Amino acid sequence: MEKRKVKKWTDNKTLIKIVSFVLAITLWLYVAVTQDPTRTDRVDKVEVICGLSQNQINQGLQIISKSNDFISFEATGNRSLVTGVRGKYYAKLDLENITAPGKYNITPEISRPDGVYVNGVTPSVVEVYVDKYVSSTLPVSIETKGNTKDNLIIADMSADVSEIDVQLPSLALEQISSAGVIVNLSDIGASTTKSYETVLFDSEKNVIDIKNIIIDKKSIVVDIKVEQVKNVKIIPEINNIDRFAEGFNVTVSPKNIDICGDKDVLNDITAIETNAITLTSKVVNGQEIVMTLNLPEGTRLRNNVENKVKIVFNKK
């Protein structure tokens with residue numbers, strides 16, 4: 001009797017395929033669970049990108065600034081996905097609906113791989129400043145800080161221009177009152193001509209720091225005239241005092257006065273005389289006479305006070 005042939009299970013190709021598939025799935029699950037587990041990583045320095053449409057640009061709109069160039073967040077997913085795409089994340093700001101100048105808070109749209117979930121976005125919104133550039137002419141002013149030395153005074157300061165042209169965002173123009181310079185008086189020791197950086201002032205003369213502004217004159221030249229100050233006594237010039245004011249004391253008010261001028265001129269001055277007056281009758285106790293000062297050429301009174309003094313006669 002002929003013996004029946006027994007097939008080995010290894011000869012069954014279909015069974016082998018099924019077993020191989022099951023083993024492959026099992027191995028994949030093992031690797032996924034043990035070698036590629038779910039994890040959460042902090043992702044930093046993700047670039048924030050944005051742009052305007054051609055239609056918005058045709059309307060004169062421009063992106064002036066955005067509050068953040070980068071954001072960070074937590075990415076959760078399989079390790080191969082989370083760590084394998086580092087450097088490929090980016091955040092987009094949708095500006096499509098912006099039609100007018102202003103500052104807008106936009107929520108970043110984060111590009112990420114399928115299977116990766118994002119949370120803890122910092123910052124959660126980005127402020128985008130969109131505006132139109134305008135031109136304006138601003139008056140120039142000179143502001144000061146500090147004090148001059150005790151024996152010096154600023155006689156005059158003048159800028160080489162009276163106005164400058166600027167181009168800047170329209171909303172920023174509302175903050176600006178003038179352009180100009182700030183002169184530190186403590187640095188000034190003599191008459192000089194110096195160049196100062198142009199700055200912008202608000203209505204209260206506070207400096208405004210505005211970026212993305214175009215100024216046609218980055219610096220302004222200021223001519224500074226400095227005078228020396230000297231305190232000198234006043235000597236009244238009175239004729240016939242022995243004849244008409246015998247027995248009287250003469251009091252000058254004020255006794256001393258500040259005069260200004262070039263150092264070389266003031267060096268030789270120790271006192272200021274009044275213009276001469278001539279008494280023609282006897283004075284009485286308490287009599288007052290107003291006299292004009294005889295200022296030397298090249299000098300003036302500090303603060304441009306009145307060029308007069310008072311003379312009082314009092315009995316001894």
Side-chain angles (χ1 to χ4, degrees), residues 47-70 93-106 125-149 152-227 304:
E47 185 180 9
V48 176
I49 62 175
C50 61
L52 297 175
S53 67
Q54 187 60 52
N55 182 51
Q56 290 169 313
I57 294 173
N58 291 342
Q59 294 175 29
L61 294 175
Q62 297 185 43
I63 297 174
I64 306 302
S65 65
K66 58 180 183 289
S67 59
N68 298 84
D69 292 321
F70 300 94
L93 304 179
D94 184 1
L95 310 182
E96 183 179 352
N97 294 325
I98 293 177
T99 59
K103 295 182 179 181
Y104 301 87
N105 289 323
I106 309 296
V125 295
V126 176
E127 183 185 81
V128 181
Y129 176 23
V130 177
D131 207 342
K132 297 179 180 181
Y133 269 82
V134 296
S135 299
S136 181
T137 299
L138 300 175
V140 169
S141 61
I142 302 174
E143 303 301 320
T144 61
K145 67 177 182 179
N147 299 301
T148 57
K149 298 176 182 178
L152 295 178
I153 191 171
I154 302 298
D156 184 56
M157 288 192 295
S158 59
D160 63 338
V161 291
S162 60
E163 57 187 24
I164 62 171
D165 295 325
V166 297
Q167 294 182 28
L168 71 169
S170 63
L171 297 182
L173 183 60
E174 299 173 2
Q175 307 173 46
I176 300 173
S177 175
S178 64
V181 297
I182 299 176
V183 176
N184 189 346
L185 298 181
S186 61
D187 294 336
I188 307 301
S191 295
T192 184
T193 299
K194 296 183 68 174
S195 179
Y196 293 90
E197 179 185 2
T198 302
V199 296
L200 302 174
F201 298 111
D202 63 15
S203 59
E204 297 180 352
K205 299 303 180 183
N206 298 311
V207 176
I208 306 175
D209 183 16
I210 298 181
K211 299 178 181 179
N212 303 297
I213 183 171
I214 302 171
I215 303 178
D216 72 335
K217 199 168 177 60
K218 299 291 186 182
S219 60
I220 295 174
V221 177
V222 180
D223 184 56
I224 305 171
K225 183 180 179 182
V226 174
E227 291 181 333
N304 295 315

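Nothing here was measured: the structure is a model prediction, and the numbers come from that model. Below, all heavy atoms of this structure are taken into account, side chains as well, without hydrogens, waters or symmetry copies.
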I'd like to know if the side chain of Q56 reaches the main chain of L95, judged simply by a donor and an acceptor atom lying under 3.5 Å from each other, with no hydrogens or angles considered.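 Flag set: sc Q56 to bb L95 pair under 3.5 Å.
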If only atom types and distance count, is the side chain of T198 paired as donor or acceptor with the main-chain N or O of K218 below 3.5 Å?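 Pair found, side chain donor or acceptor close to backbone of K218.
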Are the side chains of [Y] and [X] in contact, using a 4.5 Å heavy-atom criterion?
X: K194; Y: V222; value: no
X: K217; Y: V140; value: no
X: L61; Y: K132; value: yes
X: T144; Y: I154; value: no
X: E127; Y: S65; value: no

How far does [atom1] of [X] sit from [atom2] of [Y], to the nearest 0.5 angstrom?
X: E47; Y: F70; atom1: CD; atom2: CZ; value: 5.5 Å
X: I188; Y: I153; atom1: CD1; atom2: CD1; value: 14.0 Å
X: I213; Y: I176; atom1: CD1; atom2: CD1; value: 4.5 Å
X: C50; Y: I106; atom1: SG; atom2: CD1; value: 9.0 Å
X: Y104; Y: N97; atom1: OH; atom2: CG; value: 10.0 Å
X: I57; Y: Q62; atom1: CD1; atom2: CD; value: 8.5 Å

Is the number of heavy atoms from other residues, nucleotides or ligands under 6.0 Å of N147 CG greater than 12?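 Incorrect, the count does not exceed 12.
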Between K205 and S177, does any side-chain donor sit less than 3.5 Å from a side-chain acceptor?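 No, no side-chain donor-acceptor contact under 3.5 Å.
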Side-chain donor-acceptor distances from residues 162-174 under 3.5 Å, at least two apart:
unit_1	atom_1	unit_2	atom_2	d
D165	OD1	T137	OG1	2.7
S170	OG	D131	OD1	2.5
S170	OG	D131	OD2	3.4

Show the nearest heavy-atom pair for residues [X] and [Y], with the distance to one decimal.
X: V183; Y: Y196; answer: CG1-OH, 3.5 Å
X: V207; Y: I182; answer: CG2-CD1, 3.5 Å
X: A159; Y: I220; answer: CB-CG2, 3.7 Å

Which residue, D223, T193, V221, forms the side-chain contact (heavy atoms from CB on, under 4.5 Å) with D160?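 Among D223, T193, V221, the one that satisfies the side-chain contact (heavy atoms from CB on, under 4.5 Å) with D160 is V221.
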If the condition is side-chain hydrogen bond (donor to acceptor under 3.5 Å, both in side chains), which residues does D202 pass it with, not counting sequence neighbours?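 Here the qualifying residues are N206.
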Apply the test side-chain hydrogen bond (donor to acceptor under 3.5 Å, both in side chains) to residues K225 and S158: give CA-CA distance (whole Å), side-chain angles for both, the deciding distance (0.1 Å), then the verdict. CA-CA 9 Å; K225 183 180 179 182; S158 59; over 6 Å; no
